[in-house]
Amino acid sequence: MEFQLLQQIIVEILHVDPREITMSTTFAEDLGADSLDLFQIAALTDEKFEIEITEDEFLNIKTAGDLVKLIRNKTSKPPRPAGGAPHTV
C-alpha cells in the first residue's frame with residue numbers, strides 16, 4: 001500500500017510513467033529529480049501519510065525503497081501523547 005501511494009505522489013510531482021518507479025529507482029539519477037522535486041515529494045508524503053520527515057532523514061533518501069522503508073518505520077510507531085513525551089505510569 002505504501003509503495004502504490006508513494007508511486008502516485010512521485011508521478012504527480014515528476015510527471016513520469018508509474019512503470020518507471022520501482023523500489024530501487026533513484027530519484028536523482030533515474031527520475032531526474034532535483035532538490036526542489038525531492039522537497040515536494042517529502043512534503044506531500046508527510047501530508048498523505050501523516051508523518052514528519054526530518055531534514056536528516058530527507059538527506060538520506062536516495063531511492064523509492066528508502067522512502068517506503070522510512071514511511072513504514074514512521075507509521076508503525078505508536079503515537080505519542082500530547083506534549084511529545086512518552087507516557088509512563
Side-chain angles (χ1 to χ4, degrees):
M1 175 182 139
E2 293 93 354
F3 179 74
Q4 289 80 13
L5 181 53
L6 178 60
Q7 193 177 43
Q8 292 172 4
I9 291 168
I10 295 167
V11 167
E12 181 178 333
I13 302 293
L14 299 179
H15 309 286
V16 296
D17 186 324
R19 294 173 293 189
E20 292 182 48
I21 305 165
T22 67
M23 292 288 278
S24 61
T25 299
T26 59
F27 290 106
E29 291 83 15
D30 295 332
L31 300 177
D34 61 22
S35 58
L36 178 58
D37 294 326
L38 293 174
F39 176 78
Q40 291 175 320
I41 290 168
L44 197 50
T45 300
D46 282 356
E47 179 184 322
K48 297 287 185 183
F49 288 96
E50 299 179 349
I51 60 173
E52 184 177 332
I53 299 173
T54 67
E55 184 177 345
D56 287 340
E57 292 166 334
F58 174 75
L59 293 173
N60 289 315
I61 295 169
K62 304 295 181 218
T63 68
D66 293 340
L67 190 47
V68 168
K69 288 177 195 171
L70 181 62
I71 292 165
R72 288 180 179 160
N73 182 40
K74 288 185 170 281
T75 57
S76 68
K77 291 182 179 178
R80 290 186 161 202
H87 185 276
T88 57
V89 179

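Start at 1 with the first residue, then count along the sequence. Small disclaimer: the values here were computed from a predicted structure and weren't measured.
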- Do I71 and L59 share a hydrophobic cluster, counting only Ile, Leu, Val, Met, Phe, Trp and Tyr and linking them when any side-chain heavy atoms are less than 4.5 Å apart? yes

- Residue pair L38 / A33: nearest heavy atoms and the distance that separates them: CD2-CB, 4.2 Å

Which pairs of donor and acceptor atoms, one on a side chain in residues 2-9, lie under 3.5 Å apart (sequence neighbours left out)?
from: E2; atom 1: OE1; to: R72; atom 2: NE; distance (Å): 3.1
from: Q4; atom 1: OE1; to: M1; atom 2: N; distance (Å): 3.0
from: Q7; atom 1: NE2; to: P18; atom 2: O; distance (Å): 2.8

- Note on the structure: side-chain contact (heavy atoms from CB on, under 4.5 Å) filter on T22, not counting sequence neighbours, yields S24, T25

- Using the salt bridge (charged side-chain N to carboxylate O under 4.0 Å, His left out) rule, collect all pairs that involve residues 14-38, keeping only residues at least two apart or in two chains. D17-R19

- Specify the closest pair of heavy atoms between F58 and S35, including all atoms of both residues, with the distance to one decimal. CZ-O, 4.2 Å

- Message: So, taking the atom named CD1 in I13 and the one named CD1 in I41, what distance separates them when rounded to the nearest 0.5 Å?
- Response: 6.5 Å

- Query: Do the side chains of N60 and D66 get nearer than 4.5 Å, heavy atoms only?
  - Reply: no

- Quick one: pull up CG in L14 and CG in L31 and give me the separation to the nearest 0.5 Å. 6.0 Å

- L70 side chain near I51 side chain, heavy-atom distance below 4.5 Å: no

- So the side chain to side chain donor-acceptor pair (under 3.5 Å) pairs with at least one residue in residues 40-55 (sequence neighbours excluded) are T54-E57

- Heavy-atom pair with the smallest gap, counting every atom of F27 and I61: CE1-CG2, 3.6 Å

- Taken in chain and number order and not counting sequence neighbours, the residues that satisfy salt bridge (Lys or Arg N to Asp or Glu O under 4.0 Å) with D56 are none

- Message: According to salt bridge (Lys or Arg N to Asp or Glu O under 4.0 Å), who are the partners of E12, at least two apart in sequence or on a separate chain?
- Response: none

